[in-house]
Amino acid sequence: MARRKRYIKGRVYITDDKILVGGKGKKRRVVSMGNDKNNMAVRRISSLYDKNGKKKEHLIPIEKYPDIPKPSGVEIKTFRKTVSGKPIKEKYLSKTNTRLNKWDMKKIGTKFRPKK
């Protein structure tokens, strides 16, 4: 039996927020949506609840992982370029040992919308 080829789709990385949206540059986890290392598409992972305890809208909830301890969700918006207009490359992101499972990837990869 052959070993399955590992792709980067679904892998979780850590990056500065200033690369994606500008601003101060908070460390944030992102998930890869494609398999191209030199022209990546990523979505941000953030907490499911805001600082007042209300559930955020436009987040697709995911399971808990060792690298993502709080209840979290993936944003609907996909980032394909940096703020300066350059493609996102894997070598500029910090790798983690976490990968989203296939059920979470199916949820965030399709036209799934969270219920309000």
Side-chain angles (χ1 to χ4, degrees):
M1 221 156 112
R3 188 169 172 261
R4 195 182 84 160
K5 186 168 182 180
R6 292 302 241 171
Y7 295 104
I8 64 170
K9 184 175 183 177
R11 186 171 283 269
V12 176
Y13 296 92
I14 296 176
T15 183
D16 281 337
D17 224 9
K18 64 184 172 185
I19 294 173
L20 302 175
V21 293
K24 196 171 182 181
K26 181 181 178 186
K27 294 276 187 190
R28 187 173 304 276
R29 289 171 179 83
V30 294
V31 60
S32 174
M33 297 300 293
N35 286 320
D36 191 359
K37 292 183 178 185
N38 293 321
N39 194 5
M40 291 181 70
V42 297
R43 289 187 180 181
R44 294 192 297 179
I45 298 174
S46 64
S47 175
L48 210 52
Y49 302 100
D50 62 5
K51 60 183 176 184
N52 298 327
K54 291 185 179 178
K55 191 171 185 178
K56 291 182 186 174
E57 294 183 21
H58 305 297
L59 281 183
I60 302 167
I62 59 172
E63 295 179 12
K64 287 185 182 179
Y65 293 91
D67 192 43
I68 309 168
K70 292 195 292 187
S72 301
V74 178
E75 291 183 356
I76 295 171
K77 183 178 179 182
T78 304
F79 293 93
R80 298 183 191 283
K81 296 191 176 197
T82 62
V83 175
S84 59
K86 296 178 180 172
I88 301 170
K89 296 187 178 184
E90 186 190 35
K91 64 181 179 180
Y92 300 125
L93 307 176
S94 303
K95 291 183 181 180
T96 63
N97 293 327
T98 305
R99 174 186 295 277
L100 297 188
N101 61 27
K102 63 182 177 183
W103 297 283
D104 281 339
M105 284 306 294
K106 187 171 183 176
K107 271 199 293 190
I108 68 172
T110 58
K111 301 260 186 238
F112 175 81
R113 296 289 181 244
K115 294 178 183 175
K116 294 182 180 179

[X] (side chain) donor-acceptor with [Y] (main chain) under 3.5 angstrom:
{"X": "Tyr92", "Y": "Thr15", "value": "no"}
{"X": "Arg28", "Y": "Lys18", "value": "no"}
{"X": "Asp50", "Y": "Asn52", "value": "yes"}

Side-chain heavy atoms nearer than 4.5 Å, only ILVMFWY residues, links allowed to pass through others: does that put [X] and [Y] together?
{"X": "Val31", "Y": "Tyr13", "value": "no"}
{"X": "Val74", "Y": "Met105", "value": "yes"}
{"X": "Val21", "Y": "Ile88", "value": "yes"}
{"X": "Phe79", "Y": "Leu93", "value": "yes"}
{"X": "Met33", "Y": "Val30", "value": "no"}

Testing the basics here: between Ala41 and Thr78, what is the closest heavy-atom pair and its distance to 0.1 Å?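 For Ala41 versus Thr78, the nearest heavy atoms are CB-CG2, 3.8 Å.
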
Which atom pair, heavy atoms only, marks the closest approach of Asn38 to Lys89?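 Shortest heavy-atom separation between Asn38 and Lys89 comes out as O-CG, 3.6 Å.
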
So, taking the atom named [atom1] in [X] and the one named [atom2] in [Y], what distance separates them when rounded to the nearest 0.5 Å?
{"X": "Arg29", "Y": "Ile68", "atom1": "CZ", "atom2": "CD1", "answer": "6.5 Å"}
{"X": "Lys107", "Y": "Lys102", "atom1": "NZ", "atom2": "NZ", "answer": "15.0 Å"}
{"X": "Arg11", "Y": "Met40", "atom1": "CZ", "atom2": "CE", "answer": "10.0 Å"}
{"X": "Ile19", "Y": "Asp17", "atom1": "CD1", "atom2": "CG", "answer": "9.0 Å"}
{"X": "Ile76", "Y": "Leu59", "atom1": "CD1", "atom2": "CG", "answer": "7.5 Å"}
{"X": "Ile62", "Y": "Ile45", "atom1": "CD1", "atom2": "CD1", "answer": "4.5 Å"}

Pairwise side-chain contact, [X] with [Y], heavy-atom cut-off 4.5 Å (strictly under):
{"X": "Val12", "Y": "Leu100", "answer": "yes"}
{"X": "Lys70", "Y": "Tyr49", "answer": "no"}
{"X": "Lys77", "Y": "Arg44", "answer": "no"}
{"X": "Pro69", "Y": "Lys64", "answer": "no"}

Other residues, nucleotides, ligands: >12 heavy atoms within 6.0 Å of Lys81 NZ: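 Atom NZ in Lys81 is not crowded, with 12 or fewer foreign heavy atoms closer than 6.0 Å.
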
